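A short worksheet on the structure shown next.
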Amino acid sequence: MEVIKAPRGTRDVLGDESWKWTHVLDVCRRTADDFGYSEVLLPIFEHTELFSRGIGDTTDVVEKEMYTFTDRGNRSITLRPELTASMVRSYLEHDMRRLPQPVKLWSAGPMFRYERPQKGRYRQFWQIDFEILGVPSPMADLETIDTSMEIYRRLGLSNLQVLINSVGCPKCRPVYREALKSFIASSPGGVRGLCETCRDRFDRNPLRILDCKIPECKDLTRSAPAMIDSLCDECREHFDGVGRGLDRIGADVRLDNRLVRGLDYYTKTAYEILAGELGSQNAVCGGGRYDNLAEAIGGPHVPGVGFASGIERIVITLEGQGVYPGKAPETDVCIVTASDDAIMEACALAHELRMSGLAVGSDYTGRGMKAQMKQAASAGARFVCILGGDEIASGVVGVKNMKNGEQVSVPRSGTAAKIALWREEMVE
Ligand code: ATP
Ligand code: MG
């Protein structure tokens, strides 16, 4: 029988990596506190309708990527592919309109999309998600962009490229859509010059053609008209407001006329943050404004703006830039036993040491002292306690300082206090 493996597109985050995730989440939590976002823990599955109506029926996410199933009560359920729709649902469900606005929320957790797995692209992946709800002001857009940049700054990332565009609103986007379509139709290659997917997009979702990675499509749309030239007065004013705010805080942001987002709910501001270390999956963050999302899922008009960032891609970028965030867990003490009859006593000593706040590695395999010492050294232990029949008989513990190699004999009863003191001196 074959050993069962994890499903394609999922991965186990093991100990040599998981502490980096913990650090990323710690930084997010602290940044959220400093900016005034409160954390919400949302369900991992929702009614399918939330996403099909919220994200849009003709998007790749809804058409091709959702994990949808019928539950035992005959409901259509979907594992969440993103968090914004759930955030807005939660805002509406808990009537957060009665709270002082804006309402600032954040959350983190696994998302699910049936995609072709590759570096930085998985079927289960984690996102952090920050949203500012209830205000139409471009200053909210500015604050979400600032939030994401501050998280990356605190993590020690550099050389990130922030791209911004406006995708307009239902008033001006149709005008642009037509301008783009007639540009493509009258270009030398015409619609037939597009890839198969984009030929399909031409009628259904032509803005997505700007996002296509296929060289033919890129060439064909290279000198296409820009959305920002088609904006209505309101969208233009909003875009200028965000731009002035970004200038005011000295943010290095570039206009990208081709930037469109994969989810239909975006209006006005759209932005992405790219990192060179990610290769072709180069977006570490994506966000924007979604003033019509609440209505799309059956609620009243609630303006909102936010972003999501993938933790796997953050960690890849950290590793690629050689920034080692936080610290791997450290071991203060390892206990080495010189004889089998000392194992029980070693466990009791480990218990006492841990109660004194020390991080203790234990080895009760009964293997040779040499192997145990080697293990202690590779765990990076600051001290090793040596316990054998002789030590137990005379009520002492051998304590070796792994930094300078010195070894002393310490009375058994005071061992924990003594090592705790030495450790403090050593770490200072
Ligand atoms: P991409 O263009 O790379 O497919 P996207 O536009 O679909 O990204 P969003 O829906 O905006 O991504 O999600 C926000 C962020 O979540 C992305 O910038 C990325 O960091 C991360 N992300 C999205 N899809 C995946 C995935 N399949 N695996 C890992 N991370 C992902
Ligand atoms: Mg995608």
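First listed ligand is number 1; within each ligand, the first listed atom is number 1. This is a predicted model, so every value here is computed, not measured.
- Which parts of ligand 1 touch Val284 is read off a 4.0 Å heavy-atom cut-off, strictly below it: atoms 18 (O), 20 (O).
- A 6.0 Å sphere centred on CZ of Arg367 holds more than 12 heavy atoms belonging to other residues, nucleotides or ligands.
- For the residue pair Thr68 and Thr78, a side-chain donor N or O sits within less than 3.5 Å of a side-chain acceptor on the partner.
- In terms of protein heavy atoms, atom 29 (C) of ligand 1 is closest to Gly120 O, 3.2 Å.
- Shortest contact from atom 26 (C) of ligand 1 to any protein heavy atom: Phe125 CD2, 3.4 Å.
- Closest to atom 8 (O) of ligand 1 by heavy atom, among Arg261, Arg313, Glu272, Lys213, is Arg313.
- Applying the 4.0 Å criterion to heavy atoms of Gly286 picks out, from ligand 1, the atoms 18 (O).
- Here the closest heavy-atom approach between residue Arg80 and residue Leu42 is recorded as NH1-O, 3.4 Å.
- For atom 28 (N) of ligand 1, the closest non-hydrogen atom of the protein is Tyr122 N, 3.0 Å.
- Heavy-atom proximity to Glu115, at under 4.0 Å, picks out these atoms of ligand 1: 24 (N), 25 (C), 26 (C), 27 (N).
- Nearest protein heavy-atom contact of atom 5 (P) of ligand 1 is Arg113 NH1, 4.1 Å.
- Remark: Arg11 is positioned above the aromatic ring of Tyr122, its terminal NZ or CZ atom under 6.0 angstrom from the ring centre and at most 45 degrees off the axis.
- For atom 17 (C) of ligand 1, the nearest protein heavy atom (residue, atom name, distance) is Ala283 O, 4.0 Å.
- For Glu312, no nitrogen or oxygen atom sits less than 3.5 Å from a nitrogen or oxygen atom of ligand 1, counting backbone and side chain alike.
- With ligand atoms numbered from 1 in the order given, ligand 1 contributes 14 (C), 15 (C) to contacts under 4.0 Å with heavy atoms of Ala308.
- Salt bridge annotation for Arg123-Glu115: absent, with no cationic side-chain nitrogen under 4.0 angstrom from a carboxylate oxygen.
- The shortest contact between atom 4 (O) of ligand 1 and any protein heavy atom is with Arg121 NH1, 2.8 Å.
- Any N or O atom pair closer than 3.5 Å counts here, and Gln127 shares at least one such pair with ligand 1.
- Ring geometry, Trp126 versus Trp21: the interplanar angle exceeds 60°, so the pair is classed perpendicular (tilted spans 30 to 60°).
- Side chains of Thr144 and Tyr271: no donor on one and acceptor on the other come within 3.5 Å.
- Tyr364 and Thr337 are not linked by any side-chain donor-acceptor pair at a separation below 3.5 angstrom, with hydrogens and angles left out of the test.
- For the pair Lys104 and Phe35, the NZ or CZ position fails the cation-pi test of under 6.0 Å to the six-membered ring centre and within 45 degrees of the ring normal.
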